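Letters A, B, ... mirror the listed sequences (proteins, then strands); counts begin at 1. Since the model is a prediction, treat every value here as computed from it, not as a measurement.
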There are 2 protein chains.
Amino acid sequence: MESLRERKKQRTREALLRTALELFTTEGYERTTVDDIAEAVDVSQRTFFRYFAGKEEAALALMEVTVAHFLQSVRERPPHEAPMEALRQAVLEGWDTLNDVIEAIAPVELYLRMCRVVESTPALLAAHLRRSAEVEETLAAVLAEREGVDLDTDPRPRLAVAVFGGVMRLTERQWSVGEDFSLDAMRALTVSYLEQVGPALSESWRTH
Amino acid sequence: MESLRERKKQRTREALLRTALELFTTEGYERTTVDDIAEAVDVSQRTFFRYFAGKEEAALALMEVTVAHFLQSVRERPPHEAPMEALRQAVLEGWDTLNDVIEAIAPVELYLRMCRVVESTPALLAAHLRRSAEVEETLAAVLAEREGVDLDTDPRPRLAVAVFGGVMRLTERQWSVGEDFSLDAMRALTVSYLEQVGPALSESWRTH
DNA sequence: TGTCAATTGTCAGTGGCTGTCACTAGCCTC
DNA sequence: GAGGCTAGTGACAGCCACTGACAATTGACA
C-alpha cells in the first residue's frame with residue numbers, strides 16, 4: 001500500500017505530464033513555456049524541474065514508454081530466432097500490445113499527436129534521435145548476448161542494429177507525415193519496409 | 001576582388017570559429033560560454049550570434065563542410081554505378097580528399113578532436129544526428145533522380161539511404177571511441193563495415 | 001567630403017535551467 | 001497526540017543561450 005505522500009507525488013507528476021502534452025500538442029512545443037505548464041498545474045516552475053530533467057523529457061515521456069516496451073519485447077523473444085527476425089517480431093508484437101501500455105498513461109490519440117510534434121520540432125527530433133542511438137547500443141548488447149558473440153570484437157550486433165534502426169526511424173518518419181495515424185498503418189509500413197530492405201540494396205533499381 | 005568589408009567579415013568569422021573550436025576542444029563544449037568566445041575574439045556576444053545561429057552551429061561547422069564535400073562526391077559519381085556502390089565510392093573518395101578541404105579552414109587535428117567532442121557531448125550529438133537525418137533526405141532525392149524513380153511512391157531511395165546512413169553513423173562512432181584517429185583508420189572501418197552488412201543480416205551468427 | 005548602407009555594440013528582455021534556503025505537510029516515535 | 005524528522009515545495013536569485021531594437025561606427029561610393 002502506498003503512502004499518501006507517494007500518491008500525491010504520483011498525481012503531481014501525472015498532472016504535469018498530461019498538461020504538458022496537452023499544451024505541446026495544442027499550442028506547439030516551443031510556444032509552450034515551462035511556466036505555462038507549471039501555472040496550469042498550479043505548482044512552481046521549480047517543481048516541474050524536480051519531476052522532469054527538462055522540457056524535452058516531458059515531451060518524450062511517452063516515446064520512452066514505448067521504447068521500454070519494445071526493448072522488453074526483444075528480450076522476451078525465443079532464443080532460436082535469428083537476430084533480425086527477433087527484432088522484426090518484437091516490433092510487430094510491440095505495436096499490437098502498445099495500445100494498452102500507452103492508454104494507462106494518456107489517450108493513445110495524444111501519443112499519436114505527440115509523435116507528429118516530435119517529428120516536426122527540430123529540438124525534439126534531435127533529442128529523439130539521440131535517445132534512439134542509445135537504444136541501439138542497448139539493443140546491440142542484447143543481440144550480442146543472445147547470439148553469444150563479443151560486442152567488442154564482433155561488429156555484427158551493432159551493424160544489424162544500425163541497419164534495423166535506420167529502417168525503423170524511416171518508418172516512424174513516413175508514418176508521421178502520412179495521413180493515416182493508426183497503429184495499424186504503422187504496422188503495415190513496418191512490414192513493408194523491412195521486406196524491401198533486401199531489394200533496395202540490390203544492384204540496380206532500373207526496370208529496363 | 002573582395003572589398004575591405006568582406007575581408008573583415010571573413011576574418012571575424014574565421015577568428016570566431018577558430019577560437020570557438022579551440023575552446024570547445026580544450027575546455028569542453030558546455031564549459032565554454034558564448035561570452036568566453038566573444039571576449040577572446042574581442043567582439044560583442046551579439047556579434048557572435050550574427051555569424052552563427054547558435055553555439056551548436058559553430059561547433060558543427062567543420063562537420064558541415066565534410067557533409068557538403070561528401071554530398072558533392074555523390075553527385076559526381078558516374079550514373080552507371082548502382083546506388084549503394086555510388087554511395088560507397090563517394091565516402092571512400094571523400095575521405096581521400098577531405099584533408100585538403102578541412103585544412104583550408106582549420107588543422108585536421110582540430111577536426112578530429114572536435115569529432116570526439118561531438119560524440120561525447122549529448123547536446124552536440126543530438127544536433128549532429130538531426131543534421132544527419134536531413135542529409136539522408138537530400139541523399140535520397142539525389143539517388144531517386146539518378147535512378148529515375150519517384151521519391152514519393154518508391155521507398156527504395158530512402159530505404160537505401162537509411163541503411164547506408166545507419167552504417168556510416170556506426171562507423172563514425174566506433175572511429176571516435178577507438179584509438180586511431182587518422183583518416184586512414186576511418187577509411188578502413190568504412191570498408192570493413194560496409195562489407196559486413198550483408199553477412200550481419202544473414203540468418204544466424206552462431207558458428208554451431 | 002558628405003551621404004548611404006552595412007556592421008557592430010549596447011541594452012533590455014525572454015526562457016530554460018540550477019542552487020539555496022526557508023517552510024510546510026506527511027510520517028514516525030514515544 | 002505532541003514532538004521531531006524528513007520529503008516535497010515555493011520563493012528567490014542567478015547563469016546562460018538567444019533575440020529585438022536602437023544607436024554608434026565604419027567602409028563604400030558619389
**Q.** Set of salt bridge (Lys or Arg N to Asp or Glu O under 4.0 Å) partners for A/Arg169, sequence neighbours left out
**A.**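 Partners of A/Arg169 by the salt bridge (Lys or Arg N to Asp or Glu O under 4.0 Å) criterion, ordered by chain and then number, come out as A/Glu136.
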
To the nearest angstrom, how far is [X] atom [atom1] from [N] atom [atom2]?
{"X": "B/Glu39", "N": "D/dC16", "atom1": "CD", "atom2": "C1'", "value": "15 Å"}
{"X": "A/Asp36", "N": "C/dC17", "atom1": "CG", "atom2": "P", "value": "14 Å"}
{"X": "B/Phe52", "N": "C/dT8", "atom1": "CZ", "atom2": "P", "value": "12 Å"}
{"X": "A/Glu57", "N": "C/dC17", "atom1": "CD", "atom2": "P", "value": "10 Å"}
{"X": "A/Arg7", "N": "D/dG8", "atom1": "CZ", "atom2": "P", "value": "14 Å"}
{"X": "A/Lys55", "N": "C/dT18", "atom1": "NZ", "atom2": "C1'", "value": "17 Å"}
{"X": "A/Asp42", "N": "D/dT9", "atom1": "CG", "atom2": "P", "value": "13 Å"}
{"X": "A/Glu56", "N": "C/dC17", "atom1": "CD", "atom2": "P", "value": "7 Å"}

[X] side chain, from C-beta outward: closest of [options]:
{"X": "B/Lys9", "options": "C/dT7, D/dG8, D/dA21", "value": "C/dT7"}
{"X": "A/Tyr51", "options": "D/dG8, D/dA17, C/dG9", "value": "D/dG8"}
{"X": "B/Gln45", "options": "D/dT19, C/dT20, D/dG27", "value": "D/dT19"}
{"X": "A/Val34", "options": "C/dG16, C/dT8, D/dA17", "value": "C/dG16"}
{"X": "A/Phe49", "options": "C/dG16, C/dT10, D/dG10", "value": "C/dG16"}

(Q) Show the nearest heavy-atom pair for residues B/Thr153 and B/Pro155, with the distance to one decimal. (A)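 Scanning both residues, the minimum pair turns out to be O-CD, 3.5 Å.
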
Q) Which part of the nucleic acid, if any, lies within reach of A/Thr47 when heavy atoms closer than 4.0 Å are counted: base, sugar-phosphate only, or nothing? A)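 Answer is sugar-phosphate: A/Thr47 comes under 4.0 Å of backbone atoms only.
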
Q.
Under the criterion salt bridge (Lys or Arg N to Asp or Glu O under 4.0 Å), I'd like the reasoning laid out for B/Glu137 against A/Arg173: C-alpha separation, chi angles, the key distance, then a yes or no.
A. CA-CA 11 Å; B/Glu137 183 60 18; A/Arg173 194 168 135 264; 2.6 Å; yes

Q: Give a yes/no answer on whether the side chain of A/Lys8 brings an N or O atom under 4.0 Å of OP1 or OP2 in C/dG26.
A: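 So the side chain of A/Lys8 is within the cut-off, an N or O lying under 4.0 Å from OP1 or OP2 of C/dG26.
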
Scan nucleotides 27-30 of chain C against the protein and return all N/O pairs shorter than 3.5 Å with their distances rounded to 0.1 Å.
{"residue": "C/dC27", "atom": "OP1", "partner": "A/Ser3", "partner atom": "OG", "Å": "3.2"}
{"residue": "C/dC27", "atom": "OP1", "partner": "A/Leu4", "partner atom": "N", "Å": "2.8"}
{"residue": "C/dC27", "atom": "OP1", "partner": "A/Arg5", "partner atom": "N", "Å": "3.1"}

Determine whether [X] and [Y] make a side-chain contact, defined as any pair of heavy atoms from C-beta on separated by less than 4.5 Å.
{"X": "A/Val41", "Y": "A/Thr47", "value": "no"}
{"X": "A/Glu85", "Y": "A/Arg77", "value": "no"}
{"X": "B/Arg113", "Y": "B/Glu22", "value": "yes"}
{"X": "B/Phe52", "Y": "B/Arg13", "value": "yes"}

Q) Does the D/dG20 base have a donor-acceptor partner in the side chain of B/Arg46 within less than 3.5 Å? A)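 Counting by modelled atom types and ignoring angles, a donor-acceptor contact under 3.5 Å is found here.
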
